[in-house]
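Presented below is the structure to which this report refers.
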Number of protein chains: 2
Amino acid sequence: MKQISTRFSMAVHILCLLAISPADCTGDFIAQSVNTNPVIIRRLMGMLKKAGLVDVRPGVGGASLRKPPDQITLLDVYRAVRVVETDQLFRIHEHPNIQCPVGRNIEAVLQAELKEAQAAMEARLSQTTISWLLAQFQ
Amino acid sequence: MKQISTRFSMAVHILCLLAISPADCTGDFIAQSVNTNPVIIRRLMGMLKKAGLVDVRPGVGGASLRKPPDQITLLDVYRAVRVVETDQLFRIHEHPNIQCPVGRNIEAVLQAELKEAQAAMEARLSQTTISWLLAQFQ
DNA sequence: CAAGATATAACTATAATGGTTACAACGGTG
DNA sequence: CACCGTTGTAACCATTATAGTTATATCTTG
């Protein structure tokens, strides 16, 4: 099966790093900790910046959190890196036969249920903050 | 982003069909309602059969439910078509730098949280049955 | 301007998906 | 038994998202 992109876990990693090492976290330094290419980090930083979670200093280099880590939830990160669009976690087959009672109704009815399931998952993500994660370390 | 496969919604469609039209539902008939290729349906039927949800009659043709539709939940279907493996909804980046305190801890700590989020989604799926879906039709 | 950093475009390899063709095996009916 | 419609699979293909890579432009300070 196809899983939710590692963009999410990498972004969480980045924010944890920024939370514990406030000084000069450059893209290359972060890339070494995450163990990936610096361009991947810069792309993620761009999304985190656009979402208002981090400040990045072009030219001089380095980044920092724009919010205290106890006010950043996993849901914030999940939304920032657009790893799942709203109500689109589950894909539903298209153009069923509307002559058939099932084909005519399945999309709307199932969509409503799957939306609830996705919401339950996202609600759980909103309960965990970056600082709570850090507190679990070791 | 990458969504959860339409195998899931197609399988739910199939089970709804079997629930309301108990007589001779052949693969080709189902394929017309779902609006896809009969081979796709046969593949799904194979998974649903392996999961004990349906009986299929090779040779003569047709299929039927092995359980009453109020005892089949969306979670049963989701598991049957293996659309997400256990604790694998979220993919986590591999081989972070274990010299770094974040790299050393992030995987285990984040994995535990994401597992909970996945569980919340699956718990919601388990609350909806095929017969409940049918009751919403029209 | 030079140095070191971020920003971004373009390209690649990989993998899952949904679909398609083809063919073997099954099981009643004539 | 032979036929016919069905199920069961294997093999293959086009499409798509991902993660990574290379290259280049831009920014900021010394």
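Chain A is the first sequence line, chain B the second, and so forth, proteins listed ahead of strands; every chain is numbered from 1.
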* OP1 or OP2 of C:dG18 under 4.0 Å from side-chain N/O of B:Thr6 -> yes
* Taking atom P of D:dT7 as reference, at what distance in whole Å does atom CE of B:Met47 sit? -> 16 Å
* CG of A:Leu48 versus C1' of C:dT6: gap in Å, rounded? -> 14 Å
* Structure fact -> Considering only heavy side-chain atoms of A:Ile40, the closest of D:dT18, D:dG20, C:dT6 is D:dG20
* Tell me: CD of A:Gln3 to C1' of C:dA15, nearest whole Å? -> 11 Å
* To do: Kindly indicate whether the side chain of B:Met10, heavy atoms from C-beta on, has any atom under 4.5 Å from the side chain of B:Thr36.
  => yes
* Using atom types as modelled and distance alone, determine if a side-chain donor or acceptor of B:Gln88 lies under 3.5 Å from a backbone N or O of B:Val84. => no
* B:Asp55 CG to C:dG27 C1': how many Å, rounded? -> 16 Å
* Structure fact -> Assert: residue with more 5' nearest nucleotide on DNA chain D, out of A:Arg7 and B:Gly61, is B:Gly61
* May I ask you to verify if any side-chain N or O of B:Arg57 is less than 4.0 angstrom from the OP1 or OP2 atom of C:dC26? => no
* To do: Give the C-alpha distance, both sets of side-chain angles, the deciding distance and a yes or no for side-chain contact (heavy atoms from CB on, under 4.5 Å) between A:Leu110 and B:Leu74.
  => CA-CA 10 Å; A:Leu110 189 54; B:Leu74 290 184; 4.1 Å; yes
* Counting N and O atoms only, with roles assigned by atom type, does the side chain of B:Asn105 sit under 3.5 Å from a partner on the main chain of A:Gln138, one being a donor and the other an acceptor? -> yes
* **Beyond-backbone contact of B:Ser5 with B:Val81, side-chain heavy atoms, under 4.5 angstrom** => no
* Is it true that a side-chain atom of A:Gln118 and a backbone atom of A:Leu89 form a donor plus acceptor pair closer than 3.5 Å? -> yes
* To do: Kindly calculate the angle separating the two end axes of the helix from C:dC1-D:dG30 to C:dG30-D:dC1, each obtained from five base pairs, and round it to 10 degrees.
  => 10°
* Does B:Arg104 CZ have over 12 foreign heavy atoms under 6.0 Å away? -> yes
* To do: Take the angle between the ring planes of A:Phe8 and A:Tyr78 and call it parallel below 30°, perpendicular above 60°, tilted in between.
  => perpendicular
* **Check: B:Met47 and B:Arg7 side chains under 4.5 Å, non-hydrogen atoms** => yes
* **Nearest-Å distance for atom pair CG/C1', residues A:Asp28 and C:dG4** => 10 Å
* Whole-Å distance separating the CZ atom of B:Phe8 from the C1' atom of C:dT17 -> 17 Å
* Asked: Any side-chain heavy atom of B:Arg124 within less than 4.5 Å of one from B:Met121?
  -> no
* B:Ile130 side chain near B:Cys16 side chain, heavy-atom distance below 4.5 Å -> yes
* 5′-ward residue of the pair B:Pro58/B:Arg91 relative to DNA chain D -> B:Pro58
* Asked: OP1, OP2 of C:dG18 versus side-chain N and O of B:Ser5: anything below 4.0 Å?
  -> yes
* Can you check the B:Glu85 CD to C:dA16 P distance for me, whole Å? -> 11 Å
* To do: Using a cut-off of strictly less than 4.0 Å between a heavy atom of the residue and any atom of DNA chain D, enumerate the qualifying residues of residues 30-37 of chain A by number.
  => A:Thr36, A:Asn37
* Asked: Any donor and acceptor pair, going by atom type alone, linking the side chain of A:Ser9 with main-chain N or O of A:Thr6 inside 3.5 Å?
  -> yes
Give every pair of a protein N or O atom and an N or O atom of nucleotides 9-11 of chain D that lie under 3.5 Å apart, one pair per line with the distance.
| from | atom 1 | to | atom 2 | distance (Å) |
| --- | --- | --- | --- | --- |
| D:dT9 | O4 | B:Arg42 | NH1 | 3.2 |
| D:dA11 | N6 | B:Arg43 | NH1 | 3.3 |

* Asked: Within the structure shown, what part of the strands sits under 4.0 Å from A:Gly59 by heavy-atom distance: base, sugar-phosphate, or nothing?
  -> base
* Asked: For B:Phe90 and D:dT18, what is the distance between atoms CZ and P respectively, to the nearest whole Å?
  -> 14 Å
